[in-house]
Amino acid sequence: MIFRLFNLLFLELILILPLSDSLIAISDKQRAPINPPLPYTTDQFKENANLQSSDIFTEAKQDPEAFWEKQANCLNWFHPWDQVLEWNPPDAKWFNGGKLNACYNCLDRHMQTETRNKIAIYWEGERGEKKSLTYEDLYIEVNKFSNVLKSLGVQKGDRVAIYLPMIPEAVVAILSCARIGAIHTVVFGGFSADSLANRILDAEAKLLITADGGFRKGKVVTLKEAADTAIEQCPCIKNTIVIKHTDLPVDMQLEKDHWYHDLMKEAPATCPPEEMDAEDTLFILYTSGTTGKPKGIIHTTGGYMVGATMTTRWVFDIKPSDIYWCTADIGWITGHTYVIYGPLSNGMTQLLYEGVFDWPERNRPWQLIEKYGVTILYTAPTAIRTFMKWGEEWINGCNISSLRLLGSVGEPINPEAWMWYYTIIGKKKCPIVDTWWQTETGSIMIAPIPGITPLKPGSATFPLPGINALILNDLGEPSSSGSLVLTSPWPSMLRGIYNDRARYEKSYWKQLGNGYYFTGDGAMKDDEGYFWLTGRIDDIIKVSGHRLSTAEIESALVDFKGVAEAAVIGVSDQIKGQAIVAFVVLKEDFIFDGSLESTLKQHVVKQISAIARPERIIFIYELPKTRSGKIMRRLLRDIAEGRLLGDTMTLTDPSVLEEIKNKYNED
Ligand code: WTA
């Protein structure tokens with residue numbers, strides 16, 4: 001039902017006149033396919049685009065392995081591979097036998113070219129502090145820090161946890177791990193101590209890299225304090241390296257805690273990069289699945305780097321003179337692939353900004369774009385909708401004419417937001433690349449190649465060259481709407497879930513069998529073959545682009561002493577895409593003074609993160625359950641979205657719905 005609504009909405013919105021300032025619906029008679037050309041990409045952009053011919057799609061179709069083999073030459077290899085692909089579903093090995101180093105590809109190889117003196121990172125802190133690092137500066141810092149890691153006993157294959165704000169040292173930390181073959185696991189700095197501890201324990205990390213704090217909305221985030229609480233539960237952590245960033249006084253334990261700047265003073269200047277097998281793990285990144293426990297997604301070196309490097313080239317149409325700004329945090333996959341590995345391996349100059357968009361005022365992003373001459377902006381629909389809400393006046397005072405390409409990621413972008421982004425930010429001269437992908441896919445899967453693909457507002461368009469996607473209906477047959485699957489392996493695909501083979505098979509491969517990768521996303525295809533992503537079809541929700549599992553939030557809620565049961569759903573939200581609503585049943589003898597709703601919300605924040613804070617908590621006497629005890633979240637979603645209730649026959653007690661409906665509507 002949700003999809004049907006979405007589809008209708010999208011279909012209605014495709015039917016707009018693209019050039020008009022106001023969005024005018026067109027009549028049935030005019031509903032002929034607008035093909036070709038769609039006017040969203042200017043001729044000037046197309047003429048200057050790196051890729052202008054769709055031959056690349058044909059080439060990839062004709063011989064996929066030869067195609068990927070050719071793409072792999074975008075990297076420097078110490079030793080060539082023996083075989084392009086070994087595919088025993090669900091296990092893929094790409095470029096097996098090949099040897100390379102991800103850090104070498106991001107830094108060392110630029111030392112022989114003029115990129116050496118190019119700015120790699122312009123960094124700006126929330127309070128306006130500035131730093132810029134050339135590729136050579138970064139190379140020197142990474143060599144030294146690699147030696148620091150080694151001096152603390154970190155070896156190839158060891159796991160290193162990184163819990164940092166968006167500061168240049170975060171890039172240094174990640175690349176240094178890659179250099180010595182240690183596996184990094186970055187934990188978003190907004191996660192709580194408990195979330196950090198769970199991830200450290202699952203990954204059995206040996207060392208933690210953190211900072212005394214970070215800045216957010218003018219306040220200091222006490223990262224070291226959270227890290228201390230976390231590692232009390234983590235005997236595997238032998239050492240912590242602390243970066244001084246805020247000057248906040250912190251507790252340093254003599255044996256275990258080391259200041260970054262002290263260690264760096266002593267560190268030797270060169271550290272040769274480790275020769276890694278293409279299939280050696282590069283990183284583990286935790287993400288939410290459909291159960292309470294996050295999944296440690298494994299990415300390996302060769303295939304991931306090919307995917308990251310090539311998709312950055314194709315989708316962002318990069319030029320040596322670009323100043324690129326991806327607003328994602330390094331704690332998410334977008335930060336890994338499109339802040340660290342993709343841009344750096346391509347020798348790009350990028351802006352790294354630590355703070356929030358409305359600090360000190362709502363014009364901060366546009367001031368940054370003006371100041372640094374940003375040409376490519378890659379951000380999330382939730383940010384775009386927030387900018388829309390704040391209004392154009394914040395943009396008008398800034399000169400953002402340097403922009404030439406805009407990107408979107410993390411959730412479906414509604415056509416209205418797409419048009420606003422195109423018109424107000426892009427001034428109708430910047431194509432928009434709506435990029436669909438996942439932590440698991442490692443790099444962008446469905447997106448336009450801006451010089452080739454005619455755009456439609458709200459559609460991620462087509463799978464990239466070498467990527468094969470299908471939409472299947474409930475019977476598993478190809479269809480124009482249903483569930484999105486990827487039908488062939490691709491180099492940057494996940495290689496597993498850390499320590500959980502069964503879950504890897506069950507979550508992604510067993511849903512359909514036949515070697516198809518199950519994405520968990522709903523999609524539809526229009527008459528011209530364009531893909532329209534419609535959101536998750538499982539118990540994962542996307543709140544402001546952040547991926548959360550309803551089960552994770554439910555388990556945080558039932559962890560509270562007075563809570564007997566909880567069910568969490570995502571409801572549509574105009575800005576955030578989805579918002580969290582929790583239905584909670586209290587224990588009968590539980591008595592509480594004060595505001596239980598805010599206490600419970602705070603409890604979830606403490607257990608997971610502020611991003612998981614429920615928007616609403618509704619206290620009820622009973623959850624709707626089937627006779628076998630399964631909670632019918634679908635019915636809760638129906639109530640929240642004001643829809644007719646679906647099948648209630650299987651419920652133990654259908655009358656509970658009436659109470660829930662009244663409670664939901666009364667607040
Ligand atoms: C959603 C983020 C529609 C989708 C890179 C996917 C999108 C999940 C888009 C992965 C898009 C991401 N259009 N939906 N352009 N991009 N998604 O792992 O539901 O944080 O499955 O990776 O985000 O979220 P993740």
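Values below: all heavy atoms of this structure, side chains included; hydrogens, waters and symmetry mates excluded. By convention here, the first residue in the shown sequence is residue 1. For ligands, and for the atoms within them, numbers begin at 1 and follow the listed sequence.
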Return the orientation label for the Tyr338 and Tyr378 ring planes: parallel under 30°, perpendicular over 60°, tilted otherwise. perpendicular
Show the nearest heavy-atom pair for residues Gly451 and Lys46, with the distance to one decimal. O-CG, 3.9 Å
Using modelled atom types and a 3.5 Å cut-off, is there a donor and acceptor pairing between side-chain atoms of Thr290 and backbone atoms of Asp539? no
Check: Asn105/Ser345 side-chain N/O donor and acceptor closer than 3.5 Å: no
Nitrogen or oxygen contacts under 3.5 Å, ligand 1 side and protein side:
| residue | atom | partner | partner atom | Å |
| --- | --- | --- | --- | --- |
| ligand 1 | 13 (N) | Glu411 | O | 3.3 |
| ligand 1 | 14 (N) | Pro412 | N | 3.4 |
| ligand 1 | 15 (N) | Asp434 | OD1 | 2.7 |
| ligand 1 | 15 (N) | Thr435 | O | 2.8 |
| ligand 1 | 16 (N) | Gly410 | N | 3.1 |
| ligand 1 | 16 (N) | Thr435 | O | 3.4 |
| ligand 1 | 17 (N) | Gly410 | O | 3.4 |
| ligand 1 | 18 (O) | Thr439 | N | 2.8 |
| ligand 1 | 18 (O) | Thr439 | OG1 | 2.5 |
| ligand 1 | 18 (O) | Arg547 | NH1 | 2.7 |
| ligand 1 | 19 (O) | Asp521 | OD1 | 2.6 |
| ligand 1 | 19 (O) | Asp521 | OD2 | 3.3 |
| ligand 1 | 20 (O) | Lys542 | NZ | 3.0 |
| ligand 1 | 21 (O) | Gln438 | NE2 | 2.9 |
| ligand 1 | 21 (O) | Asp521 | OD2 | 2.3 |
| ligand 1 | 21 (O) | Arg536 | NH1 | 2.7 |
| ligand 1 | 22 (O) | Thr439 | N | 3.4 |
| ligand 1 | 23 (O) | Gly410 | O | 3.2 |
| ligand 1 | 23 (O) | Lys542 | NZ | 3.1 |
| ligand 1 | 24 (O) | Lys542 | NZ | 2.7 |

Please work out whether the ring planes of Tyr422 and Trp418 are parallel, tilted or perpendicular, with thresholds of 30° and 60°. parallel
Can you say whether the rings of Trp509 and Tyr504 are parallel (under 30°), tilted (30 to 60°) or perpendicular (over 60°)? perpendicular
